[in-house]
Number of protein chains: 2
Amino acid sequence: MPTLDDVGLAAGVSRGTVSNVFNRPELVRPELRERVEAAARALGYGGPDPKGRLLKEGRFNAIGFMPPGAYAIAEMVRSPYGRELLMGAASACDAAGATLSLVNGTDETRMASIREALVDGFILGNVVDIDVVASVKRRRLPFAILESDAGADVNSIRIDARSGAIAAVRHLARLGHKRFAILSIRRTVGPAIVHRPGHTDRALMAGFALDHQRLQGFEAALAEASLSIADVPVIETTPGDPHAGSAVFDHCPQATAIMTMSDWQAITVLDEARRRGIDVPGQVSVVGFDGTAEAARTMPSLTTVAHDIVGKARLAAEMVLENGSPRQVVMPVELVVRGSTGKPPSAFPARK
Amino acid sequence: MPTLDDVGLAAGVSRGTVSNVFNRPELVRPELRERVEAAARALGYGGPDPKGRLLKEGRFNAIGFMPPGAYAIAEMVRSPYGRELLMGAASACDAAGATLSLVNGTDETRMASIREALVDGFILGNVVDIDVVASVKRRRLPFAILESDAGADVNSIRIDARSGAIAAVRHLARLGHKRFAILSIRRTVGPAIVHRPGHTDRALMAGFALDHQRLQGFEAALAEASLSIADVPVIETTPGDPHAGSAVFDHCPQATAIMTMSDWQAITVLDEARRRGIDVPGQVSVVGFDGTAEAARTMPSLTTVAHDIVGKARLAAEMVLENGSPRQVVMPVELVVRGSTGKPPSAFPARK
DNA sequence: GCGAAATTTTGGAGCGCTCCAAGATTTTTA
DNA sequence: TAAAAATCTTGGAGCGCTCCAAAATTTCGC
């Protein structure tokens, strides 16, 4: 690959002049400029290599996006939620003329990826592994975390998940539901985990802040209806597990109201209900969580605890790009009532 | 920001030793290593800056993805098709341990983005503007183009769109349809363009290779049924235009079979049909194009000309990452018959 | 036609790092 | 204990570029 010097040599001018031809052509006499351009063409020189500029300028003009949890990028894009995150981050980058780098990383390579990513800052999806935060801090780049509060010196944006969970339960309770089931998120790999009625808080509450808040919200609102969360079956499935829906119906046959922790899960529940001939909302009500675009398109359309996912990620990207003093933002949620929730069946006919 | 030299100075060792501490710690005596690490901690040095390494190593270990057409990244992620492209490219990058950079670019900034993107290669979505190809060539980096054939010296992957279009028409003709409408893609910004029956080929065939091939396929298969494409109304809408569906029903009220050029468009047609109380496939049959995951989830599910979008993008990424000799690949398509196509209504009741 | 002013061109410094041959130190061997 | 071997540390070169002060050249005014 020829360099500025090679072109200069060929054209009989100095490196500086060649650089000017490409970056500030108005500074170079037209005649000379043409000579240089001809030499560049002859050598197959396609303009200054960004690598050199980079070192001088010191910034990549890019921010890195680490997908939530242990997702691979491709899985994130598949997920309704992750996809909207990406849209938000991308639109902020677009607006700022920055590049969005999708930083992948298995559990083994994540740290190295963070150390070596060619970016000026990071957006971290829901962070499961706290080492990730330490690793990013070490690079002394601006960053923002989604759905985890990492202290006053770190940008973070989370939703008011507790209120959302409360709203979901109240809505269902007001409709008359008494038999609930919770479809929660398993943050490790593996098949569904089933917590049968009688489980203890400790088994449930371990883990991730967002999930914790939602469970607390469920618990508090169930208490308002004189119900204990300990009597509600809780199933944990990994995001994207296509069997989430069948796990619920298999393990919670008497539930009339299923509360989930993501629209994606709720959608698998609707799919499975259709497959089994279970009427939603006639026999079972289903509530999603997230408020993705997909939730509005299901049959029946999905009642869900919605928030502005795109806006959340956009804000995160803006925080990183602006690199101001750290902020912790809590975003509101809103229960969007659609077609997947209704009164419980008045007589409780046995379901198969 | 402290540098290797600063740390070396503070620890009383040379730059080289500090570099070794971070990159090949086994080469440094434990005692010294600790002294260096302590100095680094004290200075807040978080490890070697990737910028320096980069210049030395010469590669970014990243490939750039330019969205199809004039999409912004966010729009691409929103689109069912673009999203699957992204999944494919991301999974290949994941597998290779490379980063995927989403290179944005408005019409004005695209060239500059290409010139300066910090990547080792490019995937170009459907290229509308031929200058983009020239611009990428100038950087002398490996690249692959989707849905455009740019000659034997350029990697390209396209689908056998003509066959797909033919299969769609034959399927509908075999069901008995005689009155078709085509929902085509407008590759410039603006509202729907309506070509009423009697239009000329020239008005239609201008533009983008992929669309051209599909129209030719439609034309050929219509001819088999003794129909001329000139008598078939053609509507062009931009990708993602939510009014695509209503444009079709407004302008083609007698059509019993609507052939589209993307699942996204077809989905808006289904939505609009539901809104207007038009039964699909009872009154109108609809065929999509692409075979996205969304097409399987609509109500009714969408008959569509499918191909392996994820695989296409994955292959493109692999071509770029491998940097072998250029190949031109044509991928097969397959008509997937689902619920959105059926016999035309036997009596032709007027629709409102 | 000459000096001053304006315009063009030059090449060194430096961005932060890795590599590597050479030098310094420690350990082993006879 | 001295020489040989093994181990550890050093600092220069170089990656390709941009910036900038200074030098070279051209243009201008009278």
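Values below: every heavy atom of this structure, side chains too, minus hydrogens, waters and symmetry copies.
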[X], nearest nucleotide to its side chain (from [options]):
{"X": "A:S19", "options": "D:dT18, C:dT10, D:dC15", "value": "D:dT18"}
{"X": "A:K56", "options": "C:dC19, D:dG11, C:dG14", "value": "C:dG14"}
{"X": "B:L55", "options": "C:dG16, C:dT18, D:dT18", "value": "C:dG16"}
{"X": "B:L4", "options": "C:dG16, C:dT18, D:dG16", "value": "C:dT18"}

side-chain N/O [X] vs [N] OP1/OP2, d < 4.0 Å:
{"X": "B:N20", "N": "D:dC8", "answer": "no"}
{"X": "A:Y45", "N": "D:dG16", "answer": "no"}
{"X": "B:R24", "N": "C:dC19", "answer": "yes"}
{"X": "A:R29", "N": "C:dT9", "answer": "yes"}
{"X": "A:T17", "N": "C:dT10", "answer": "yes"}
{"X": "A:R53", "N": "D:dT18", "answer": "yes"}
{"X": "B:R15", "N": "D:dT9", "answer": "no"}

Are any side-chain N or O atoms of B:S113 and backbone N or O atoms of B:T109, one a donor and one an acceptor, separated by less than 3.5 Å?
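Yes: the side chain of B:S113 pairs with the backbone of B:T109.
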Integer-rounded Å distance: [N] [atom2] and [X] [atom1]:
{"X": "A:E31", "N": "C:dT7", "atom1": "CD", "atom2": "C1'", "value": "14 Å"}
{"X": "A:R59", "N": "C:dG16", "atom1": "CZ", "atom2": "C1'", "value": "18 Å"}
{"X": "B:R115", "N": "D:dT18", "atom1": "CZ", "atom2": "P", "value": "12 Å"}
{"X": "A:L9", "N": "C:dG11", "atom1": "CG", "atom2": "C1'", "value": "14 Å"}
{"X": "B:M1", "N": "C:dG16", "atom1": "CE", "atom2": "P", "value": "10 Å"}
{"X": "B:L27", "N": "D:dT9", "atom1": "CG", "atom2": "C1'", "value": "10 Å"}
{"X": "A:D49", "N": "D:dC15", "atom1": "CG", "atom2": "C1'", "value": "10 Å"}
{"X": "B:R139", "N": "D:dG16", "atom1": "CZ", "atom2": "C1'", "value": "13 Å"}

If you apply the rule ring pair (Phe, Tyr, Trp, His ring centres under 6.0 Å), what do you find for B:F60 with A:F60, and how did you get there?
CA-CA 11 Å; B:F60 298 99; A:F60 298 99; 8.4 Å; no
Can we call the ring centroids of B:Y45 and B:F22 under 6.0 Å apart?
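Distance test on ring centres: under 6.0 Å, yes.
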Give me the one residue out of A:E147, A:E84, A:E318 that meets salt bridge (charged side-chain N to carboxylate O under 4.0 Å, His left out) with A:K312.
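Only one option passes, and that is A:E147.
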Quick check on B:R78: does its CZ atom have over 12 non-hydrogen neighbours (other residues, nucleotides or ligands) under 6.0 Å away?
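Check fails, neighbour count at 12 or below.
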Could you tell me whether the side chains of B:S101 and A:T99 share a donor-acceptor contact shorter than 3.5 Å?
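No, because no side-chain N or O of B:S101 sits under 3.5 Å from a partner of the opposite role on A:T99.
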Pick the closest DNA chain D nucleotide for A:G16 and for A:K51 by heavy atoms, then say which residue is nearer the 5' end.
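Counting from the 5' end, the first nearest nucleotide belongs to A:K51.
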Which comes earlier along DNA chain D counting from the 5' end, the contact point of A:E57 or that of B:V18, where each point is its nearest nucleotide?
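By nearest-heavy-atom nucleotide position, the 5'-most residue is B:V18.
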Across the strands shown, which category fits A:N23 at heavy-atom distances under 4.0 angstrom: base, sugar-phosphate, nothing?
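The answer is sugar-phosphate, as A:N23 gets under 4.0 Å only of primed atoms, P, OP1 or OP2.
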Look at all strands and tell whether A:L32 reaches a base, only sugar-phosphate, or nothing, counting heavy atoms closer than 4.0 Å.
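It contacts sugar-phosphate atoms only.
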